[in-house]
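All figures in this text were calculated on a predicted structure; none of them were measured in a lab. Note on naming: letters A, B, ... go to the chains in the order of the sequence lines (proteins, then strands), and numbering restarts at 1 for each one.
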Number of protein chains: 2
Amino acid sequence: MLPIQDYIGFQLLQIHRAHRARAEAALQKLGLHTGQEMLLFQLWKEEGMTPSQLAACLGVEPPTATKMLQRLERAGLIERRTDPEDARIVRIYLTERGRALERPVLEVWQHLEARTVANLSPTEQALLRRLLMQVSANLS
Amino acid sequence: MLPIQDYIGFQLLQIHRAHRARAEAALQKLGLHTGQEMLLFQLWKEEGMTPSQLAACLGVEPPTATKMLQRLERAGLIERRTDPEDARIVRIYLTERGRALERPVLEVWQHLEARTVANLSPTEQALLRRLLMQVSANLS
DNA sequence: TTCTTTTTGTTAGCCGTCTAAATAATAACA
DNA sequence: TGTTATTATTTAGACGGCTAACAAAAAGAA
């Protein structure tokens with residue numbers, strides 16, 4: 001009969017919201033919204049991926065990726081090209097403006113990550129990572 | 001230059017999504033959506049709270065609480081009553097149907113919490129809780 | 001008393017997320 | 001060949017979440 005605030009599930013939810021709020025504030029200066037940088041991370045690593053592949057990398061359903069891609073396209077950061085060999089397939093490429101965001105976004109994330117694990121020793125950080133991996137496996 | 005998947009921030013996001021998906025699946029059988037049960041938890045503890053108070057308990061902005069309350073009202077689980085002494089203030093009360101959900105929702109959460117911390121010893125669970133509290137403080 | 005400020009709540013509009021259903025094109029089979 | 005099944009993507013519509021702007025009521029000040 002624990003109060004809801006003591007559940008780890010509740011704690012995770014609160015942390016997620018706080019983390020997103022921090023990310024939103026920092027990404028806003030770059031004209032991005034939280035989550036969009038995830039897609040860009042994948043594209044900086046490899047262009048020409050399909051919406052489905054991107055969705056899988058992000059752990060998201062295809063319609064979610066579609067919507068995010070529409071907004072990124074409208075923002076002029078990516079472009080769609082239909083695959084010449086299979087007209088069902090769409091391939092996503094970065095525009096110049098999309099490529100230019102790599103460094104500043106990386107800095108935002110590194111800064112946020114540092115803040116997230118502040119006051120934790122390297123040992124504790126490794127431990128947290130391991131425990132979260134177990135939780136992740138439990139919920140998959 | 002870590003891949004994004006190795007960031008703790010990314011791990012937290014994935015865990016949150018997995019956790020929400022599990023909660024959604026279980027709550028769906030009760031006619032609820034993820035997050036709504038949080039509001040109900042507060043009301044089961046104390047009725048007559050105002051939207052602002054509820055938002056604060058949930059760590060959410062007032063407009064978010066307003067929307068959730070509208071949906072819960074439409075679903076017949078809560079009702080609004082204007083405070084007789086101060087017409088600005090709205091007080092939220094449960095309906096019979098809202099009260100009836102306490103036990104089944106609690107069971108859903110206990111079950112999900114057990115799954116979340118499965119394969120973790122009591123020591124590890126306490127450790128995880130402590131580390132998450134630190135992360136939470138870092139991001140606040 | 002009347003005007004201004006503060007407080008409370010809601011509306012509007014955006015984004016991420018989901019499921020279910022529609023669309024379109026390729027593949028497979030009879 | 002023509003019909004059916006499968007695959008890739010998008011659309012529609014719901015929900016949680018946010019900020020900014022609005023409305024209404026109470027409190028305070030002149």
Practice item. Tell me, with the steps shown, if B:Leu13 and A:Met38 meet side-chain contact (heavy atoms from CB on, under 4.5 Å). Key: CA-CA 11 Å; B:Leu13 176 62; A:Met38 300 289 182; 3.6 Å; yes
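- Shown here for B:Thr50 and B:Ile89, the closest heavy-atom pair between the two residues is CG2-CG2, 3.5 Å.
- Between A:Arg20 atom CZ and D:dC18 atom P there is a gap of 6 Å when expressed in whole angstrom units.
- Per the geometry, CE belonging to A:Met68 stands 10 Å off P belonging to C:dC18, to the nearest Å.
- Taking the six-membered ring where tryptophan is involved, the planes of B:His16 and A:His16 are essentially parallel, since the angle between them stays under 30° and well short of 60°.
- The two residues A:Trp109 and A:Glu37 come nearest to each other via the heavy atoms NE1-OE2, 2.9 Å.
- Atom CD of B:Gln28 has 12 or fewer heavy atoms from other residues, nucleotides or ligands within 6.0 Å.
- Residues A:Ala87 and A:Gln36 both approach DNA chain C. Their nearest nucleotides, taken by heavy-atom distance, put A:Gln36 toward the 5′ side.
- Ion pairing between B:Arg17 and A:Glu61 fails under the 4.0 Å rule for side-chain N and carboxylate O.
- For the pair A:Leu40 CG and C:dG16 P, the interatomic distance rounds to 11 Å; values are reported in whole Å.
- C:dT11 atom C1' lies 13 Å from atom CZ of B:Arg71, rounded to whole Å.
- In plain terms, the two heavy atoms of A:Leu139 and B:Ala18 that are nearest each other are CB-CB, 3.9 Å.
- For the pair A:Glu24 CD and C:dG16 P, the computed distance is 8 Å after rounding to whole Å.
- If you find the closest nucleotide of DNA chain D to B:Thr34 and to B:Glu85, the one lying nearer the 5' end belongs to B:Thr34.
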Review item, nucleotides 8-13 of chain D N/O atoms under 3.5 Å of protein N/O:
unit_1: D:dT9; atom_1: OP1; unit_2: A:Val90; atom_2: N; d: 3.1
unit_1: D:dT9; atom_1: OP1; unit_2: A:Val90; atom_2: O; d: 3.3
unit_1: D:dT9; atom_1: OP2; unit_2: A:Ser52; atom_2: N; d: 3.2
unit_1: D:dT9; atom_1: OP2; unit_2: A:Ser52; atom_2: OG; d: 2.5
unit_1: D:dT10; atom_1: OP1; unit_2: A:Arg80; atom_2: NE; d: 2.8
unit_1: D:dT10; atom_1: OP1; unit_2: A:Arg80; atom_2: NH2; d: 2.9
unit_1: D:dT10; atom_1: OP2; unit_2: A:Thr66; atom_2: OG1; d: 3.0
unit_1: D:dT11; atom_1: OP2; unit_2: A:Gln70; atom_2: NE2; d: 2.6
unit_1: D:dG13; atom_1: O6; unit_2: A:Lys67; atom_2: NZ; d: 3.2

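- Within the 4.0 Å cut-off from OP1 or OP2 of C:dC18, at least one side-chain nitrogen or oxygen of A:Thr64 is found.
- With rounding to whole Å, A:Leu27 atom CG is found 14 Å from D:dT19 atom P.
- Here B:Arg17 reaches the OP1 or OP2 of C:dT17: one of its side-chain N or O atoms lies under 4.0 Å away.
- Per the geometry, CZ belonging to A:Arg74 stands 13 Å off C1' belonging to C:dG13, to the nearest Å.
- Spacing between atom CG of B:Asp83 and atom P of D:dA25 amounts to 14 Å, rounded to whole angstrom units.
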